[in-house]
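Just below is one structure, and these are the notes that go with it.
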6 protein chains.
Amino acid sequence: MPYVNIKITREDGTTAEQKAELIDGVTQLLARVMGKNPATTVVVIDEVELDNWGIGGLPIEAFRRQQNSDGK
Amino acid sequence: MPYVNIKITREDGTTAEQKAELIDGVTQLLARVMGKNPATTVVVIDEVELDNWGIGGLPIEAFRRQQNSDGK
Amino acid sequence: MPYVNIKITREDGTTAEQKAELIDGVTQLLARVMGKNPATTVVVIDEVELDNWGIGGLPIEAFRRQQNSDGK
Amino acid sequence: MPYVNIKITREDGTTAEQKAELIDGVTQLLARVMGKNPATTVVVIDEVELDNWGIGGLPIEAFRRQQNSDGK
Amino acid sequence: MPYVNIKITREDGTTAEQKAELIDGVTQLLARVMGKNPATTVVVIDEVELDNWGIGGLPIEAFRRQQNSDGK
Amino acid sequence: MPYVNIKITREDGTTAEQKAELIDGVTQLLARVMGKNPATTVVVIDEVELDNWGIGGLPIEAFRRQQNSDGK
């Protein structure tokens with residue numbers, strides 16, 4: 001009876017089907033690798049606003065702009 | 001000074017009064033059972049979109065439909 | 001099918017019976033107030049080392065000493 | 001590569017600039033104190049509705065009203 | 001750059017290899033389904049003491065005993 | 001009254017003084033940037049076993065070895 005929390009940035013175009021696939025995929029993974037019971041595996045997905053996600057000391061959008069300009 | 005996080009699905013009809021009752025109830029429970037100071041007990045409730053909650057490998061709404069049809 | 005996470009400081013003398021009472025109490029609270037199904041309510045208790053818990057800008061033991069000396 | 005989660009109440013007037021400053025500040029703190037690599041430090045900020053935040057057994061707004069009247 | 005937290009009960013016989021397989025599996029799942037970058041996907045596994053995990057209002061060991069006796 | 005959770009890998013040589021500095025630093029940061037009350041700011045540090053921390057699809061120790069060999 002594992003509990004899984006997945007945090008991703010909230011992006012346009014994320015669909016309910018993709019989230020269903022995450023739920024199914026991680027539940028099957030825990031069953032296959034650890035023998036955990038799918039019936040009691042709980043998965044919670046948090047979609048986090050871009051302003052509220054930081055990496056490398058920057059909000060994610062500023063970080064992405066920096067990565068892109070670094071790449072040129 | 002405990003910290004409690006309660007995650008529930010976001011449902012129509014959940015009221016501020018119910019959430020106040022959860023906050024009060026869990027704070028009292030920690031005081032009674034563990035002797036924890038209510039003044040510094042923090043409770044955070046997360047209401048999670050139905051698409052983002054999985055159980056049994058399915059998003060919760062699909063899970064509920066399956067349970068109902070199993071029940072017949 | 002709520003998920004509850006309770007974080008408390010790890011103290012000598014916390015018993016398995018107290019933790020069982022917390023699990024039972026919060027599960028019943030969610031059933032009574034919100035109509036949540038006890039069978040699928042998951043509770044996880046984290047007991048946190050004293051060095052790793054801060055309040056008021058201080059580790060909890062330093063904070064408690066300060067509170068006690070303030071009280072005199 | 002630390003992961004930091006900051007939960008605050010959702011208040012009018014919180015700006016993207018303030019959140020960027022939190023992300024930067026906590027990332028620098030972990031680099032300075034612990035030698036953690038800023039490039040892989042992840043920060044997630046959760047802004048929690050006032051009804052969903054409890055302290056002292058009360059939702060935060062009721063708690064603030066009580067504090068103010070106590071203060072008079 | 002997702003963040004995934006997996007909570008499972010601490011059981012004898014869980015190996016580092018199984019945990020590596022979980023880390024790899026969930027990172028690949030997020031790349032395949034959501035196009036997330038594996039390089040910045042962080043996974044944290046919490047192994048929770050049996051006394052500290054509740055389901056159905058009971059600590060997990062009491063719950064398992066009940067399930068087994070129900071099953072007979 | 002913010003709540004901050006800091007997850008870092010458990011490393012030899014992390015001291016109580018460093019953790020106290022993290023608690024103080026993040027509490028001051030929230031006071032300075034957001035005007036949050038230090039008295040009710042709670043900080044919880046989780047030190048995670050190396051086997052239980054993944055990045056780039058690998059447990060952190062395997063990831064570090066790979067980074068080092070890439071760097072040569």
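Here is the naming used below: chain letters follow the sequence lines, and residue numbers restart at 1 for every chain. What you are looking at is a predicted structure, and each value in this text was computed from that prediction instead of being measured.
Closest non-hydrogen pair, A:Ala16 versus B:Asp51, comes out as CB-OD2, 3.6 Å. Here the shortest heavy-atom pairing between A:Ile45 and B:Val48 reads O-CG1, 4.4 Å. Counting all heavy atoms, side chain and backbone alike, A:Val42 lies closest to B:Ile55 at CG2-CD1, 3.7 Å.
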What's the verdict on side-chain contact (heavy atoms from CB on, under 4.5 Å) for B:Lys7 and A:Tyr3, showing C-alpha distance, side-chain angles and the deciding distance? CA-CA 12 Å; B:Lys7 287 186 200 291; A:Tyr3 168 80; 3.1 Å; yes

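A:Asp46 contributes atom CG, which lies 6.5 Å from atom CG of B:Asp46 (distance to the nearest 0.5 angstrom).
Interface residue A:Ala20: backbone and side-chain heavy atoms are both found under 4.5 Å from chain B.
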